[in-house]
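Reminder, nothing fancy here: chain letters follow the sequence lines and each chain counts from 1.
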Amino acid sequence: MATTISELLKKNKAQLLDTWIQKQLASESLRDDLMTNDELRAQSEELVNALANIITESNINQVDSTDFDEIFEILSAVSLSRARQGFSPRETGLYIFGLKEAILDLLQDKLADNPTQLFTEVRKINRLLDSFSVVTFETFIKGREEVIFRQTEEITDISTPVIQIWDGILALPIIGTLDSARTQVVMESLLQKIVDTGSSIAILDISGVPAVDSLVAQHLMKTVSATRLMGADCIISGIRPEIAQTVVHLGIDLSNIITKASLASALKHAFSMHKLIVKQGGTDKTIR
Amino acid sequence: MEKIPILRMGAFLLVTIQVDLYDRLALTLETDLINMVHKTGARGVLIDISAVSIVDSFMGRILGNIASMTRVLDAETVVVGMQPAVAITLIELGLSLSGVYTALDVERGMSLLQTKLGPNDELTDDDDDADDTE
């Protein structure tokens with residue numbers, strides 16, 4: 001009676017691990033800049049141990065058996081961490097394919113005298129490891145998507161700071177195009193800051209907005225109206241000549257909104273609304 | 001039945017809404033307030049909604065209606081203390097409450113009403129941009 005594949009794996013765990021590590025070290029996909037050999041060894045060992053412990057003659061044919069949940073967890077963790085560390089999909093894929101190679105080598109070695117059994121076992125192990133690879137890829141992509149999502153959120157937060165530039169005067173330099181999601185963030189942070197600081201004037205500076213179309217203008221108007229509902233006045237500044245042109249060509253009516261060409265003139269206007277006067281030190285000269 | 005108190009402060013009426021307005025309450029408030037404006041000859045109405053955290057389009061309309069009705073009776077309406085979430089909701093509902101004056105808090109609302117309506121007994125110039133004396 002020939003030995004079964006699960007027994008083979010259990011018995012030759014150490015050899016299997018060694019072969020796999022050898023393969024990984026020899027492979028050109030090895031990234032010793034991202035991960036040390038010790039880490040790689042620990043990671044691989046965990047997976048080989050789990051596989052050898054879990055695999056039995058009955059579950060090897062059922063890749064969706066709950067027995068493999070532990071392995072899927074390990075694989076997901078490995079592939080998520082690799083996605084965050086900046087491994088390429090190819091490198092992550094080769095990692096798990098390396099294990100398959102190692103197992104196939106082992107089988108060939110041990111079952112060389114029984115080609116029929118070798119073939120059946122190879123098919124079984126192939127199917128099992130293919131499903132492992134699929135899981136690895138899926139989680140890898142999920143990991144990348146998480147990274148992208150987090151970056152998008154961070155950019156949105158960073159690009160819409162609300163600054164208090166004077167007592168009772170807030171400025172909000174908008175950088176990048178305004179879409180619905182960003183308008184929401186802009187509005188929320190602006191309105192909250194108005195409440196927190198008790199400011200009565202908000203300056204929306206759009207020098208950093210590359211283009212104003214009717215949708216962006218609509219979003220701007222929304223923000224202005226919301227500010228007005230809170231009881232604060234809103235000034236739109238930083239309107240470049242080409243934006244003024246597009247606004248007029250699009251037939252957008254900004255006449256009931258205070259608009260200024262530069263942040264400086266918006267600030268001057270805000271000062272005059274607060275009845276503040278700026279004086280140059282030492283002289284009686286008043287700057288307006 | 002619950003009622004929202006309307007306080008008289010000189011020429012102004014002060015309404016502080018401390019509960020979330022449901023439709024019937026809002027309608028009662030509208031009627032009471034207009035009657036009160038008529039009875040007292042008030043020149044301004046100040047509605048504090050700082051405690052209101054939930055709005056719907058109906059309440060937005062009621063606020064607009066109150067403003068229009070008081071204007072017919074020669075009084076101005078100032079809504080003060082709107083929460084950011086409420087403001088965003090109203091804007092998303094397409095209600096910008098044009099015709100309603102707004103202020104950050106009761107104090108600023110009062111001074112806004114005074115500048116809007118008090119040129120007869122106050123010496124201040126009611127035109128903001130006109131006085132630029134050094």
Mind checking what makes side chain to side chain contact (heavy atoms under 4.5 Å, CB included) contact with B/S53, not counting sequence neighbours?
->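 With sequence neighbours excluded, B/S53 shows a side chain to side chain contact (heavy atoms under 4.5 Å, CB included) to B/D20, given in chain and number order.
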
Residue, of B/L112, B/V100, B/L97, that accumulates the most heavy atom pairs under 4.5 Å with chain A =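 Answer, by heavy-atom pair count under 4.5 Å with chain A: B/L97.
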
With chain B as the partner chain, list the residues of residues 223-238 of chain A whose heavy atoms fall under 4.5 Å from it, by residue number, and write 'none' if nothing qualifies.
->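 Listed by number, the contacting residues are A/S225, A/A226, A/R228, A/L229, A/M230, A/G231.
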
How about residues 197-222 of chain A versus chain B: which residues have heavy atoms under 4.5 Å apart?
->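 The stretch touches chain B at A/G198, A/S199, A/S200, A/K222.
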
Is the count of non-hydrogen atoms from other residues, nucleotides or ligands lying under 6.0 Å from B/E107 atom CD greater than 12?
->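 Counting other residues, nucleotides and ligands, CD of B/E107 stays at 12 neighbours or fewer.
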
Chain A contacts: which residues in residues 55-90 of chain B have a non-hydrogen atom closer than 4.5 Å to it?
->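 Those residues of residues 55-90 of chain B which have a heavy atom under 4.5 Å from chain A are B/M82, B/Q83, B/P84, B/A87, B/I88, B/L90.
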
